[in-house]
2 protein chains.
Amino acid sequence: METAKRKRLEAKGWKVGDAAEWLKLAPEEAAYIELKLSLCRALRERRIRKKLTQQDIARILGSSQSRVAKMEAGDPSVTLDLLVRSLLALGSPKKKLEHALLQV
Amino acid sequence: METAKRKRLEAKGWKVGDAAEWLKLAPEEAAYIELKLSLCRALRERRIRKKLTQQDIARILGSSQSRVAKMEAGDPSVTLDLLVRSLLALGSPKKKLEHALLQV
DNA sequence: TGAAATTATGTCGAATATGATATAATCTAA
DNA sequence: TTAGATTATATCATATTCGACATAATTTCA
């Protein structure tokens, strides 16, 4: 992995192992991250379409604006569980969720 | 919710709120749990198909037999993240994973 | 049968995610 | 431009999940 990209990921909080480890875990790790990011995008798109602020969403979810921001940003501290539960709570249509999940 | 069922869920570790909260959260909570369970089943089916023990899977995942058992059992201490990463690590065929995830 | 293998359950310290808060950065209209 | 609104980032205490271990329950098969 090129150094610059690794630095960027590490700065964001992603754990990046050594070259061998990266090569070994890359496929499933990449798929996992891709899945998360697609759900993040789905969440943001859904909010934008409804013309709601992150604060609004936070209220609906019983969370905070900062966490909603992290969800949308794909922060590594955000779990698939939180993303999926949030999308469901926002009444995300099955199709939308499908579309995101299909990008795995 | 009927008392018996609630008792069963609580005994298993599931958080069950009061009636109002239950009614409010039921749909998405149910969908979330169903989603998890479908991934649990996918994991077990995949292991059985490969004729591997939970111990084998634990080694592959760098985890423990007890956690694999909990994954397959749909224990509430198991996250979607762990399930998805496990399925990916086991080389879950794309279609299989999608199918499981799409049961939302 | 019953011993060995496999799976299930309970518990724990450590690791990680959470909502909350503060505040910085960015965007939006006027 | 600039004030107000919105979003991003940093940090924290708390809560939850993790792998590990012990051990119980169940299954397998000779």
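In what follows, chains carry the letters A, B, and so on, assigned in the order in which the sequence lines appear, proteins first and then strands, with residues in each chain numbered from 1. For the numbers below, each heavy atom of this structure counts, side chains included, while hydrogens, waters and symmetry mates do not.
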Side-chain contact check for B/V78: nearest option of D/dC18, C/dG19, C/dA8 is D/dC18

Taken to the nearest whole Å, CZ/B/R85 to P/C/dA15 is 16 Å

Of the listed D/dT6, C/dT7, C/dT18, the closest approach to the A/L82 side chain comes from C/dT18

Here the distance between atom P of C/dA17 and atom CG of A/D75, to the nearest Å, is 9 Å

Check: Counting just side-chain N and O atoms, does A/Q65 come under 4.0 Å of either OP1 or OP2 of D/dT6?
Finding: no

**OP:** State, yes or no, whether a side-chain contact exists between A/L61 and A/L90 at a heavy-atom distance under 4.5 Å.
**Re:** yes

Note: for B/R47 and A/S77 on DNA chain C, the residue whose nearest nucleotide lies more 5' is B/R47

In whole angstroms, the gap separating P of D/dG19 from CD1 of B/I57 amounts to 14 Å

dist B/E45:CD -> B/S38:OG (nearest 0.5 Å) comes out at 10.0 Å

Does the side chain of A/R67 get closer than 4.0 angstrom to OP1 or OP2 of D/dT7 through an N or O atom? no

Are B/T79 and D/dT17 close enough that a side-chain N or O sits under 4.0 Å from OP1 or OP2? no

Whole-Å distance, B/L61 CG to D/dG19 P, equals 8 Å

Any donor-acceptor pair under 3.5 Å from A/R46 side chain to A/G91 backbone: yes

Whole-Å distance, B/M71 CE to C/dA8 P, equals 13 Å

A/E72 CD to D/dT7 P, in whole Å, measures 7 Å

- request: Please determine, by modelled atom types, if A/Q65 and A/Q55 share a side-chain donor-acceptor pair under 3.5 angstrom.
  value: no

Worksheet entry | side-chain N/O B/S66 vs C/dT9 OP1/OP2, d < 4.0 Å | no

Is a donor-acceptor pair below 3.5 Å formed from side chain A/K70 to base D/dT11, judging by atom type as modelled? yes

Original post:
Between A/K36 (side chain) and B/D81 (backbone), is there a donor-acceptor pair under 3.5 Å?
Top reply: no

Output yes when at least one side-chain N/O atom of B/R44 is less than 4.0 Å from OP1 or OP2 of C/dA8, else no. yes

When rounded to whole Å, the NZ to P distance for the pair B/K36 and D/dT17 reads 7 Å

Taken to the nearest whole Å, CG/A/D81 to C1'/C/dT16 is 12 Å

Exercise. Pick base, sugar-phosphate or nothing for B/T53, based on heavy-atom distances below 4.0 Å to the nucleic acid.
Key: sugar-phosphate

